[in-house]
Novice: 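Supplied in structure tokens, the structure appears directly below.
Bear in mind the structure is a predicted one, so any value in this text is a computation, not a measurement.
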Amino acid sequence: MAQPMRSRYDARMRKLIVLLAGLALSFAGLVGWCYREATSDPVVRRAEVAMPGLDRPVRIALLSDIHIGTVAMGPARLGRIVGQVNALEPDLVVIAGDFIFGHDPQGAAKLGPPMVGPLRQLRAPLGVAAVLGNHDYWTGPQAVRDQLQRAGVTVLENQAALRGPIALGGVSDDFSHHADAPATLRAARALGRPIVLVTHSPDIAPDLPGDARLLLAGHTHCGQALIFGHNIAPQVSRYGTRYRCGLVREGTRTVIVTAGLGTSGVPFRLGARPDVWLVTLVPPAMVRTRKAS
């Protein structure tokens with residue numbers, strides 16, 4: 001009797017080992033896929049937005065969430081992305097914050113220098129402008145400002161600047177309690193041009209007035225990790241999924257939220273690939289003409 005019982009026990013153990021090996025291989029494959037997705041070239045997404053008061057089209061490249069300092073984002077990958085952005089030939093490049101990874105108060109000074117060289121290679125006739133994100137404020141905002149200045153990037157903190165035919169307002173980060181949208185709008189209105197706002201967290205959107213017709217943002221990573229469309233990463237917006245990702249039109253206001261380039265926490269993405277947006281602002285008459293034709 002002992003021998004048959006031993007044989008059945010061995011057979012069950014072999015099945016268990018095969019099952020565990022299969023699960024381990026599946027898990028390793030999933031981890032590898034998530035890492036590959038996190039380090040892949042960003043998808044280029046495009047949108048056209050009618051802008052009253054504009055006299056000619058303006059092409060804006062929107063980037064965000066570089067998070068330099070993780071294994072998912074080093075200077076080599078950032079350099080490749082800069083080349084990809086330059087190939088789009090934007091008139092203006094805006095970067096919606098979170099240049100640095102982590103929470104270390106000295107993190108920006110330690111991690112930020114390798115991004116200066118790649119960012120210095122960005123090319124756009126109307127320049128490169130940026131706002132800071134929550135991680136930038138947490139890891140040393142002055143170091144980030146200094147690094148971006150060396151890279152030729154203009155930092156707007158509740159300020160506005162003339163960029164060709166538009167007034168570009170940079171609202172500081174709402175998530176870390178630095179945003180002052182009214183001050184930004186006052187500065188933008190004084191320039192007398194159609195207003196485009198850029199910020200890190202999109203949560204300022206519902207409180208914006210009617211003349212703030214376009215908001216460009218990041219922060220959410222489009223969820224970073226999704227299973228069947230549901231977040232498995234923590235929510236970072238008090239509005240849940242309302243501004244989680246992509247193009248959101250609410251009345252006359254358009255909000256565009258990029259998935260960003262890097263990662264927060266583990267260097268994984270699932271169902272939320274990195275992206276860059278190329279947003280073309282056009283006079284309303286051009287939109288009507290195209291629809292009519």
Side-chain angles (χ1 to χ4, degrees), residues 30 33-49 60-67 70 72-73 81 94-101 103 130-138 170-179 181 196-208 212-279:
L30 177 62
W33 177 267
C34 292
Y35 177 76
R36 181 178 179 181
E37 191 160 295
T39 56
S40 62
D41 291 343
V43 177
V44 177
R45 307 192 192 279
R46 301 171 189 265
E48 184 177 273
V49 178
I60 303 175
L62 169 64
L63 292 64
S64 188
D65 297 275
I66 291 171
H67 285 297
T70 74
M73 181 61 75
I81 293 170
V94 297
I95 310 176
D98 268 8
F99 292 86
I100 311 298
F101 168 75
H103 299 79
V131 293
L132 302 188
N134 53 297
H135 282 270
D136 304 320
Y137 286 110
W138 294 339
V171 183
S172 295
D173 175 53
D174 176 76
F175 191 79
S176 57
H177 310 294
H178 290 85
V196 174
L197 295 182
V198 58
T199 193
H200 183 58
S201 168
D203 281 4
I204 66 170
D207 297 323
L208 292 177
R213 300 178 67 92
L214 175 61
L215 176 67
L216 306 175
H219 182 57
T220 66
H221 298 202
C222 281
Q224 187 163 317
L226 305 174
I227 294 181
F228 301 115
H230 297 284
N231 270 84
I232 59 174
Q235 291 279 5
V236 293
S237 169
R238 60 182 176 270
Y239 295 104
T241 62
R242 179 174 173 180
Y243 302 114
R244 184 176 70 186
C245 190
L247 189 150
V248 182
R249 297 193 191 273
E250 298 178 320
T252 60
R253 179 176 57 240
T254 299
V255 182
I256 296 178
V257 182
T258 170
L261 302 172
T263 60
S264 184
V266 293
F268 298 154
R269 283 180 179 264
L270 181 64
R273 283 190 61 185
D275 68 25
V276 170
W277 279 82
L278 185 65
V279 183

Novice: Does any part of the side chain of Asp203, heavy atoms only, come nearer than 4.5 Å to the side chain of Tyr239, both counted from C-beta?
Specialist: yes
Novice: Quick one, Leu63 with Leu261, criterion side-chain contact (heavy atoms from CB on, under 4.5 Å). Give me CA distance, side-chain angles, the key distance, then yes/no.
Specialist: CA-CA 7 Å; Leu63 292 64; Leu261 302 172; 4.1 Å; yes
Novice: Between His67 (side chain only) and Ile100 (backbone N and O only), is there a donor and an acceptor less than 3.5 Å apart?
Specialist: yes
Novice: What distance do Thr263 atom OG1 and Met73 atom CE have between them, rounded to the nearest 0.5 Å?
Specialist: 8.5 Å
Novice: To the nearest 0.5 angstrom, please state how far the CD1 atom of Ile95 sits from the CG atom of Leu132.
Specialist: 11.0 Å
Novice: Does any part of the side chain of Asp173, heavy atoms only, come nearer than 4.5 Å to the side chain of Ser201, both counted from C-beta?
Specialist: yes
Novice: Show, in sequence, the C-alpha distance, side-chain angles and deciding distance for Phe175 and His219, and conclude whether the side-chain contact (heavy atoms from CB on, under 4.5 Å) test is met.
Specialist: CA-CA 9 Å; Phe175 191 79; His219 182 57; 3.4 Å; yes
Novice: Would you mind telling me which of Thr258, Asp275, Val276 makes a side chain to side chain contact (heavy atoms under 4.5 Å, CB included) with Leu62?
Specialist: Thr258
Novice: Checking side-chain contact (heavy atoms from CB on, under 4.5 Å) for the pair Val171/Val131: CA distance, chi angles, key distance, verdict?
Specialist: CA-CA 7 Å; Val171 183; Val131 293; 6.0 Å; no
Novice: Can you confirm whether more than 12 heavy atoms, excluding those of Arg238, are under 6.0 Å from its CZ atom?
Specialist: yes
Novice: Taking the side chain as every heavy atom from C-beta outward, state whether Arg213 and Leu208 have any pair of such atoms under 4.5 Å apart.
Specialist: no
Novice: Where is the tightest heavy-atom contact between Leu247 and Ala47, given as atom of each residue plus distance?
Specialist: CD1-CB, 3.5 Å
Novice: Does the side chain of Val94 come within less than 4.5 Å of Ile60's, by heavy atoms?
Specialist: yes
Novice: Taking the side chain as every heavy atom from C-beta outward, state whether Thr199 and Leu215 have any pair of such atoms under 4.5 Å apart.
Specialist: yes
Novice: Knowing that exactly one of His177, His178, His200, His103 qualifies, which makes a ring-ring contact (aromatic ring centres under 6.0 Å, His included) with Tyr137?
Specialist: His178
Novice: Within the distance-only criterion (no hydrogens, no angle test), does the side chain of Arg253 pair as donor or acceptor with the backbone N or O of Val248 below 3.5 angstrom?
Specialist: no
Novice: Out of Ser237, Pro206, Pro202, which residue meets the side chain to side chain contact (heavy atoms under 4.5 Å, CB included) rule with Arg242?
Specialist: Pro206
Novice: How far apart are the closest heavy atoms of Phe99 and Ala130, and which atoms are they?
Specialist: CZ-CB, 3.7 Å
Novice: Between Asp207 (side chain only) and Ile204 (backbone N and O only), is there a donor and an acceptor less than 3.5 Å apart?
Specialist: no
Novice: Enter the distance from Asp98:CG to Ser264:OG here, rounded to the nearest 0.5 Å.
Specialist: 7.5 Å
Novice: Rounded to the nearest 0.5 Å, what separation is found between the CD atom of Glu37 and the CZ atom of Phe268?
Specialist: 12.0 Å
Novice: Kindly give the heavy-atom pair with the smallest separation between Ser64 and Gly218, and that separation in Å.
Specialist: OG-CA, 3.5 Å
Novice: If you look at every heavy atom in Tyr243 and Glu250, which pair is closest and at what distance?
Specialist: OH-OE1, 2.8 Å
Novice: Rounded to the nearest 0.5 Å, how far apart are CG of Leu278 and CZ of Arg46?
Specialist: 5.5 Å
Novice: Considering residues at least two apart in sequence or located in another chain, which fulfil the salt bridge (Lys or Arg N to Asp or Glu O under 4.0 Å) criterion with Arg244?
Specialist: none
Novice: For the OG1 atom of Thr254 and the CG atom of Leu216, what is their distance to the nearest 0.5 Å?
Specialist: 9.5 Å
Novice: Are Ile81 and Pro42 close enough that some pair of their side-chain heavy atoms sits under 4.5 Å apart?
Specialist: yes
Novice: Are Thr241 and Gln235 packed together at the side-chain level, in the sense that at least one heavy-atom pair is separated by less than 4.5 angstrom?
Specialist: yes
Novice: Give the minimum heavy-atom separation between Val43 and Arg273, together with the two atoms involved.
Specialist: CG2-CZ, 3.6 Å
Novice: Determine the minimum heavy-atom distance between Pro267 and Ala38, stating which atoms define it.
Specialist: O-CB, 3.4 Å
Novice: Quick one, Ile256 and Leu214 - any side-chain contact, counting heavy atoms below 4.5 Å?
Specialist: yes
